[in-house]
*Asks:* 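Got a structure for you, questions after.
Numbered from 1 within each chain, the chains take letters A, B, ... in sequence-line order.
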Amino acid sequence: GQNIDQPTEMTATEGAIVQINCTYQTSGFNGLFWYQQHAGEAPTFLSYNVLDGLEEKGRFSSFLSRSKGYSYLLLKELQMKDSASYLCAVRNTDKLIFGTGTRLQVFP
Amino acid sequence: DARVTQTPRHKVTEMGQEVTMRCQPILGHNTVFWYRQTMMQGLELLAYFRNRAPLDDSGMPKDRFSAEMPDATLATLKIQPSEPRDSAVYFCASGRTGEIGRNTGELFFGEGSRLTVL
């Protein structure tokens, strides 16, 4: 079976740091992805982890622990434009299986 | 600027009608995916193709949904007959696989087709 869990909603303040967690239990694993989706728009790729550890890309970082079935997305120096849904997805062979997403609201 | 193109962007139809959604993947991509997104379920995988061959359509209600890829530049998702519970945004995404050791598997999404069945 496939199970990917994320918090439904989070709030944070402009300039702050926020961590969005994702836990997964899947029948196969070939990598973990994070996507960003603004309201009414298509999901866009943020990050990819296939080995344990931290991947940093500008203000965004993503961490993976395969033994724990756990990942997080870290957003630093939050900006208003970071208000969006953040989707955790596990790749199993070619397929990307998505969690239901975390809606992040950034307040001034 | 390469992108996945979907049509129609919006569709309102009545229950029982046939709906066809079309997708043009990015040139050179060999995998195509159909997802459905609702508030309650998030992004659900309906079907996907690799090199135009259907690989997995287990997420799709077989009695009313069908997905095809008649050529490398066109993927279709058809619903017949449509029902109100089919109302959702349908996304097509394409990607490229087969490059072991590289950062592959990233999917590029189209803008989606918002379907409303009355």
*Asks:* Can you give me the closest heavy-atom contact between A:A42 and B:G110, atom names plus distance?
*Replies:*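 Taking every non-hydrogen atom into account, CB-O, 3.0 Å.
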
*Asks:* Can you tell me if B:E18 has over 12 outside heavy atoms packed within less than 6.0 Å of its CD?
*Replies:*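 Correct, the count exceeds 12.
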
*Asks:* What distance do A:T44 atom OG1 and B:F109 atom CZ have between them, rounded to the nearest 0.5 Å?
*Replies:*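 Nearest 0.5 Å value for the OG1-CZ distance: 10.0 Å.
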
*Asks:* I'd like to know whether the aromatic ring centres of B:F108 and A:F45 sit less than 6.0 Å apart in this structure.
*Replies:*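 Ring centres of A:F45 and B:F108 not closer than 6.0 Å.
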
*Asks:* Are B:L46 and B:V89 connected, step by step, through hydrophobic side chains (Ile, Leu, Val, Met, Phe, Trp, Tyr) whose heavy atoms are closer than 4.5 Å?
*Replies:*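 Each belongs to a different hydrophobic cluster.
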
*Asks:* Just wondering, do B:F91 and A:P43 contact through their side chains at under 4.5 Å, heavy atoms?
*Replies:*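 A side-chain contact under 4.5 Å exists here.
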
*Asks:* So do B:Q41 and A:F98 actually touch side chain to side chain, heavy atoms under 4.5 Å?
*Replies:*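 They are not in side-chain contact.
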
*Asks:* For chain A, find its close neighbours in residues 51-83 of chain B: heavy-atom separation under 4.5 Å, sorted by number, or none.
*Replies:*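 Those residues of residues 51-83 of chain B which have a heavy atom under 4.5 Å from chain A are B:L55, B:D56.
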
*Asks:* Between B:Y90 and B:V19, is there shared hydrophobic-cluster membership here, with clusters defined by ILVMFWY side-chain heavy atoms closer than 4.5 Å?
*Replies:*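 As far as the 4.5 Å side-chain criterion goes, B:V19 and B:Y90 are connected within one cluster.
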
*Asks:* Look at the side-chain heavy atoms of Ile, Leu, Val, Met, Phe, Trp and Tyr, link any pair under 4.5 Å apart, and say whether A:Y72 and A:L87 land in one connected group.
*Replies:*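 No; A:L87 is not reachable from A:Y72 via cluster members.
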
*Asks:* Flag yes if more than 12 heavy atoms outside B:L27 fall under 6.0 Å of its CG atom; otherwise flag no.
*Replies:*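 Incorrect, the count does not exceed 12.
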
*Asks:* Does any backbone or side-chain atom of B:E44 lie under 4.5 Å from a heavy atom of chain A? Answer side chain, backbone, both or neither.
*Replies:*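 Neither part.
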
*Asks:* What do you reckon, is CZ of B:R114 surrounded by more than 12 foreign heavy atoms closer than 6.0 Å?
*Replies:*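 No.
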
*Asks:* Side-chain heavy atoms under 4.5 angstrom apart, residues restricted to Ile, Leu, Val, Met, Phe, Trp, Tyr: same cluster for A:L51 and A:L46?
*Replies:*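 Both belong to a single hydrophobic cluster.
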
*Asks:* Let me check something: do A:I17 and A:M80 share a hydrophobic cluster, defined by ILVMFWY side-chain heavy atoms less than 4.5 Å apart, either directly or through other members?
*Replies:*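 Hydrophobic grouping puts A:I17 apart from A:M80.
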
*Asks:* Would B:L45 and A:K95 count as a side-chain contact (heavy atoms from CB on, under 4.5 Å) if you check the C-alpha gap in whole Å, the side-chain angles of each, and the deciding distance to 0.1 Å?
*Replies:* CA-CA 8 Å; B:L45 179 63; A:K95 299 190 294 187; 3.5 Å; yes

*Asks:* Nearest 0.5 angstrom please: B:E106 CD to A:S47 OG, how far?
*Replies:*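 It is 10.5 Å, given to the nearest 0.5 Å.
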
*Asks:* Measure from the side-chain N and O atoms of A:Y35 to the backbone N and O of B:L107, and report whether any donor-acceptor pair falls under 3.5 Å.
*Replies:*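 A pair under 3.5 Å: yes.
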
